[in-house]
Novice: 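Please find one structure pasted underneath; my questions will follow.
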Amino acid sequence: FSEYRKSDLNLKVQDETHSHNNLSIIFPNLASVLSMLLTIFIEQKIPSQITNSPYLPESWKAYFESGEDIEYSTQVCCMNAIILVSQRCSDENESLFLLKKNTIPVILSWAKSTRSLKPNYLSICSALQAAFNLITRSKSFNGIENFIRPLHRWALDIVKESIREGEEESQVIEAMRSAALKLMLSIITIGAHNIADLSLNPGDVGETMNVLRGTATMDSNPEVRKLANYIIEAFE
């Protein structure tokens, strides 16, 4: 019996090693596919890798060349899928690292092209939550070092602009402001041991503190005020 057990254990170890080796090959390819899909469904662009592909349907080319916007519900679904996947990914096999590395640049590129918060509230909320999950789960800036300041600036600008939006759709706006503050808090917390990792200049820090102090004292939502205070404490 002991010999059978030993044999079973050896087979299990071999299977796990084989599985890990397969994942190390599969994940980079999946990450590349994910990046292309995100570019299509979030940025509404045909990735350069497949622009001239004979396998790309003509109907897809015509659709994207028409400039017609993809429905916001599609973007929200994509972001929510990233959130769910990030909760299942692990740093042990680099799946979380690859997901973060391929997703954050696409989210930021889309964010730069979004001229106004309205009517993108739900898309922006989902994008902020996806970025927050990826950074918080990985607990590092590895692979996205050049995107930390832009992420911080994006979240800060959303907090500022959402304050100007007024009381219309206040619940959605508050959720968006809360998601932006959570992303800022995760960035500040992870970069707390070395503030240089944040790549923030003195002007960024001063503007951030001004916005946060105003939010911490004047926002109508107690959860938003609490988040703002947490970030102020993390900075100080």
Side-chain angles (χ1 to χ4, degrees), residues 27-28 30-45 47-49 75-76 78-87 89-91 94-115 117 120 123-162 176-209 211-212 227 231 234-235:
F27 277 132
L30 288 177
S32 178
V33 172
L34 172 67
S35 179
M36 288 191 288
L37 289 174
L38 290 176
T39 301
I40 291 171
F41 291 111
I42 294 177
E43 288 195 84
Q44 304 175 36
K45 298 176 182 176
S48 57
Q49 304 98 306
Q75 294 172 331
V76 172
C78 283
M79 298 298 185
N80 288 342
I82 292 167
I83 293 169
L84 291 174
V85 172
S86 69
Q87 293 169 350
C89 286
S90 169
D91 264 342
E94 293 194 348
S95 58
L96 183 59
F97 169 78
L98 289 168
L99 181 65
K100 176 180 67 175
K101 182 180 178 181
N102 284 275
T103 301
I104 293 295
V106 177
I107 289 177
L108 272 174
S109 180
W110 168 77
K112 288 179 182 178
S113 68
T114 305
R115 302 299 180 196
L117 297 185
N120 297 311
S123 297
I124 293 172
C125 274
S126 299
L128 288 164
Q129 187 62 44
F132 168 78
N133 272 38
L134 289 167
I135 291 176
T136 304
R137 289 267 298 136
S138 65
K139 298 182 177 66
S140 81
F141 300 147
N142 291 344
I144 56 168
E145 294 88 349
N146 295 332
F147 298 100
I148 297 307
R149 181 175 181 266
L151 275 174
H152 175 86
R153 289 294 324 179
W154 175 46
L156 179 63
D157 288 343
I158 286 174
V159 174
K160 289 164 52 182
E161 291 174 33
S162 65
M176 184 171 59
R177 190 152 59 242
S178 177
L181 289 169
K182 285 179 181 178
L183 176 57
M184 290 173 64
L185 180 60
S186 68
I187 291 172
I188 300 301
T189 302
I190 293 171
H193 67 285
N194 187 2
I195 204 70
D197 288 347
L198 302 177
S199 302
L200 302 181
N201 59 46
D204 292 329
V205 176
E207 183 180 1
T208 299
M209 294 300 286
V211 173
L212 290 175
L227 280 169
I231 302 172
F235 258 118

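For this chain, numbers begin at 1 and follow the sequence in order. Since we're looking at a predicted model, the values are computed, not measured.
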Novice: Where is the tightest heavy-atom contact between I188 and A234, given as atom of each residue plus distance?
Specialist: CG2-CB, 3.5 Å
Novice: Quick check: closest heavy atoms across V159 and A180, and the distance to 0.1 Å?
Specialist: CG2-CB, 3.8 Å
Novice: For A130 and I107, work out which heavy atoms get closest and say how close.
Specialist: CB-CD1, 4.1 Å
Novice: Search all heavy atoms of I144 against all heavy atoms of K101 and return the closest pair with its distance.
Specialist: CG2-CA, 4.2 Å
Novice: Run the numbers on F132 and L185 for side chain to side chain contact (heavy atoms under 4.5 Å, CB included), then give the verdict.
Specialist: CA-CA 9 Å; F132 168 78; L185 180 60; over 6 Å; no
Novice: Looking at S86, is its backbone amide N or carbonyl O close enough to the side chain of R137 to form a donor-acceptor pair, meaning the two atoms are under 3.5 Å apart?
Specialist: yes
Novice: Got a sec, which residues hit salt bridge (Lys or Arg N to Asp or Glu O under 4.0 Å) with R153, two or more places apart in sequence or on another chain?
Specialist: D157, D204, E207
Novice: Can any side-chain N or O of T103 pair as donor or acceptor with the backbone N or O of L99 at less than 3.5 Å?
Specialist: yes
Novice: Side chain to side chain contact (heavy atoms under 4.5 Å, CB included) between L151 and I135: does it pass, once the steps are laid out?
Specialist: CA-CA 11 Å; L151 275 174; I135 291 176; 3.6 Å; yes
Novice: Does the side chain of L134 come within less than 4.5 Å of I82's, by heavy atoms?
Specialist: yes
Novice: Specify the closest pair of heavy atoms between A179 and C125, including all atoms of both residues, with the distance to one decimal.
Specialist: CB-O, 4.3 Å
Novice: Mind checking the CD-OG1 spacing from Q129 to T136? Nearest 0.5 Å is all I need.
Specialist: 8.5 Å
Novice: Going by the rule side-chain hydrogen bond (donor to acceptor under 3.5 Å, both in side chains), which residues pair with S138 if we only count those two or more places apart in sequence or in a different chain?
Specialist: K100
Novice: Using every non-hydrogen atom in the two residues, find where F141 and I187 come nearest and quote the distance to one decimal.
Specialist: CZ-O, 3.4 Å
Novice: Run the side chain to side chain contact (heavy atoms under 4.5 Å, CB included) check on L156 and L212 step by step: do they pass?
Specialist: CA-CA 9 Å; L156 179 63; L212 290 175; 5.7 Å; no
Novice: With no hydrogens and no angle check, is any side-chain donor or acceptor of E145 less than 3.5 Å from a backbone partner on G143?
Specialist: yes
Novice: Applying side chain to side chain contact (heavy atoms under 4.5 Å, CB included), run through N201 and R149 and close with a yes or a no.
Specialist: CA-CA 9 Å; N201 59 46; R149 181 175 181 266; 3.4 Å; yes
Novice: Are any of the side-chain heavy atoms of L128 and K182 separated by less than 4.5 Å?
Specialist: no
